[in-house]
2 protein chains.
Amino acid sequence: MDKKKKLLVIDDDPDILKVLRANLELYGYTAVTADSWTKARAILDDQVPDLIILDLTLPDGDGLEICRLIKEENHRVPVIMLTARDSISDKVTGLESGADDYIVKPFETLELIARIKACLRRSVPVDKALTINGLEIDMKAHQVTLNGKNVELTPKEFELLSLFASNRGEVITREFIRKKIWGDAKLYSWSRAIDVHLQHLRQKIEENPSEPEFIITVAGVGYKFRE
Amino acid sequence: MDKKKKLLVIDDDPDILKVLRANLELYGYTAVTADSWTKARAILDDQVPDLIILDLTLPDGDGLEICRLIKEENHRVPVIMLTARDSISDKVTGLESGADDYIVKPFETLELIARIKACLRRSVPVDKALTINGLEIDMKAHQVTLNGKNVELTPKEFELLSLFASNRGEVITREFIRKKIWGDAKLYSWSRAIDVHLQHLRQKIEENPSEPEFIITVAGVGYKFRE
DNA sequence: AATGAGTGTAAAGATTATGTAAACTTTCTC
DNA sequence: GAGAAAGTTTACATAATCTTTACACTCATT
């Protein structure tokens, strides 16, 4: 029912990376791996995963600090912290680092999978239907209606609208959109594709597309969805 | 207008029982509670609730086992499992115990209510026949009629149709179909088998297969059955 | 007023997903 | 084991969607 979730695993032990990748893919996730904070950062520059699994001890950075950085830059991405048995500090167990969950090495794969599932589920409301000013977005049915009338959206348009709807009131940069929706897919930096899809979307959901009510342009920065 | 739904809550923590009862009644449900499997059993002997909320750890029985028993005796009663944070096993998250949903303690009341709602809405009694717009699907007899005329479906076609019927209005991805109907059986990721069966199904149940009325294509995502 | 950066917009071209028939393979039935 | 039924793959057509391109417009800045 759901789309394949993309997970980023950051750990410096190549064996763990290998095992995790194999298992995650077995359970229907897409796995991206990095063996250092530097590499992870490069990946995060390009795409936003649905969940991050982060080892507490990396060669080039402190896990807690990294976790905080991730949380700052990619607001809502859930993080599961991997820790060695003897380094469980209060900070980690109390989840004060901002991590959403933690798991102690050595761990059972099933246990990790279970936590991943729970974590991903927690971040998404069950009743995924949202109504703003006559615009109803039903994630489950993949359907959008405006004042009761059905609005036909293409996949990209729907993704865009969902992204805006789940970040209401916040300004979304084109860069963020690119990371979220296109991810690692090729899209030249000078491409106007995002703008074009946005126009199409406006034409479909705005009463008067040249004076948009839902998706507002924030000059020089990006767009935002009305509060 | 629906009748008041009756829920059975089974948990050995009196505080949780109290809170749940209060909240459920606040949201218009009738709550029956039991603090042990023995008492729950006595209640179940007497009445069949519309939904059961079951704690994973009870003094007199294993939650998973109990869940299985419930499912055997009162087939179609949906069960929501309550689990402690550190006892989420893969069995529960994978819902392999037969539970229809699960929620991790401590939980938000709203979250639980939402899941109850979703669960009740989703549960279509399998032993009953379902009729939508002239299309009658008799799950038990494995028979489908369209405006009274018998429709001959192959096993795969029937499975497909059932899957759609029991998830009305929701988008079903090909991936989900593959998991549900083919399971671990081999089916290459690039296979068009699902599409082909779907076309056959459409040719049999749709008035005009090129403008389907029942099974609607959701571009880029999958298909959905009409509401 | 000219410049240039950022954005709006239409239309053309490129690409991809889906529809569909038909060939081929497997499984079932007798 | 032959024939029939069901399932799967293949191949291609077509429709849907995405991306690029080109140009217009706005609005600071010089």
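Below, read A as the first sequence line, B as the second, and so on, with proteins coming before strands; counting in each chain starts at 1.
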We want to know whether [X] and [Y] form a side-chain donor-acceptor pair, criterion being a heavy-atom distance below 3.5 angstrom.
{"X": "B:S189", "Y": "B:R174", "answer": "no"}
{"X": "A:D35", "Y": "A:T33", "answer": "no"}
{"X": "A:T38", "Y": "A:D60", "answer": "yes"}

Worksheet item: What nucleic acid atoms does B:L187 come within less than 4.0 Å of, heavy atoms only: base, sugar-phosphate, or nothing?
Response: sugar-phosphate

Practice prompt. Quick one: label A:A193 by what it contacts on the DNA or RNA (base, sugar-phosphate, nothing), any heavy atom closer than 4.0 Å.
Written response: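 Here A:A193 touches the bases of the nucleic acid.
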
Within the structure, does a side-chain N or O atom of [X] lie under 4.0 Å from either OP1 or OP2 of [N]?
{"X": "B:R174", "N": "C:dT18", "value": "yes"}
{"X": "B:T217", "N": "C:dG19", "value": "yes"}
{"X": "B:W182", "N": "D:dT8", "value": "yes"}
{"X": "A:S191", "N": "D:dT20", "value": "yes"}
{"X": "A:Q199", "N": "C:dT7", "value": "no"}
{"X": "A:Q203", "N": "C:dA10", "value": "yes"}
{"X": "A:R202", "N": "C:dG8", "value": "yes"}
{"X": "B:S210", "N": "C:dG19", "value": "no"}

Can you tell me the distance, in whole Å, between the [atom1] atom of [X] and the [atom2] atom of [N]?
{"X": "B:E206", "N": "C:dG19", "atom1": "CD", "atom2": "P", "answer": "11 Å"}
{"X": "A:E211", "N": "D:dC25", "atom1": "CD", "atom2": "C1'", "answer": "15 Å"}
{"X": "B:W190", "N": "C:dT16", "atom1": "CH2", "atom2": "C1'", "answer": "18 Å"}
{"X": "A:D195", "N": "D:dC23", "atom1": "CG", "atom2": "C1'", "answer": "14 Å"}
{"X": "B:I215", "N": "C:dG19", "atom1": "CD1", "atom2": "P", "answer": "11 Å"}
{"X": "A:I177", "N": "D:dT19", "atom1": "CD1", "atom2": "P", "answer": "13 Å"}
{"X": "A:H197", "N": "D:dA16", "atom1": "NE2", "atom2": "C1'", "answer": "12 Å"}
{"X": "B:K156", "N": "C:dT25", "atom1": "NZ", "atom2": "C1'", "answer": "14 Å"}

Discussion item. Counting distance alone, no hydrogens or angles: does the base of C:dG6 have a donor or acceptor under 3.5 Å from a partner atom on the side chain of A:R192?
Written reply: no

Worksheet entry | Residue B:P155, side-chain atoms from C-beta onward, closest of D:dT9, C:dG19, D:dA6 | D:dA6

Worksheet item: Which of these nucleotides, D:dG7, C:dT7, C:dT18, is closest to any side-chain atom of B:Y223?
Response: C:dT18

Worksheet item: Is any NZ, NE, NH1 or NH2 atom of the basic residue among B:E170 and B:K224 found under 4.0 Å from an Asp or Glu carboxylate oxygen of the other?
Response: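 Salt bridge flag = no for B:K224 with B:E170.
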
Worksheet item: Knowing that exactly one of A:D11, A:I10, A:V9 qualifies, which makes a side-chain contact (heavy atoms from CB on, under 4.5 Å) with A:D55?
Response: A:D11

Worksheet entry | side-chain contact (heavy atoms from CB on, under 4.5 Å) partner of A:V48, chosen from A:L8, A:I43, A:V77 |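 When A:L8, A:I43, A:V77 are each tested with A:V48, the side-chain contact (heavy atoms from CB on, under 4.5 Å) holds only for A:V77.
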
Fill in: First encountered from the 5' end of DNA chain D, between B:L153 and B:V196
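The 5'-side residue here is B:L153.
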
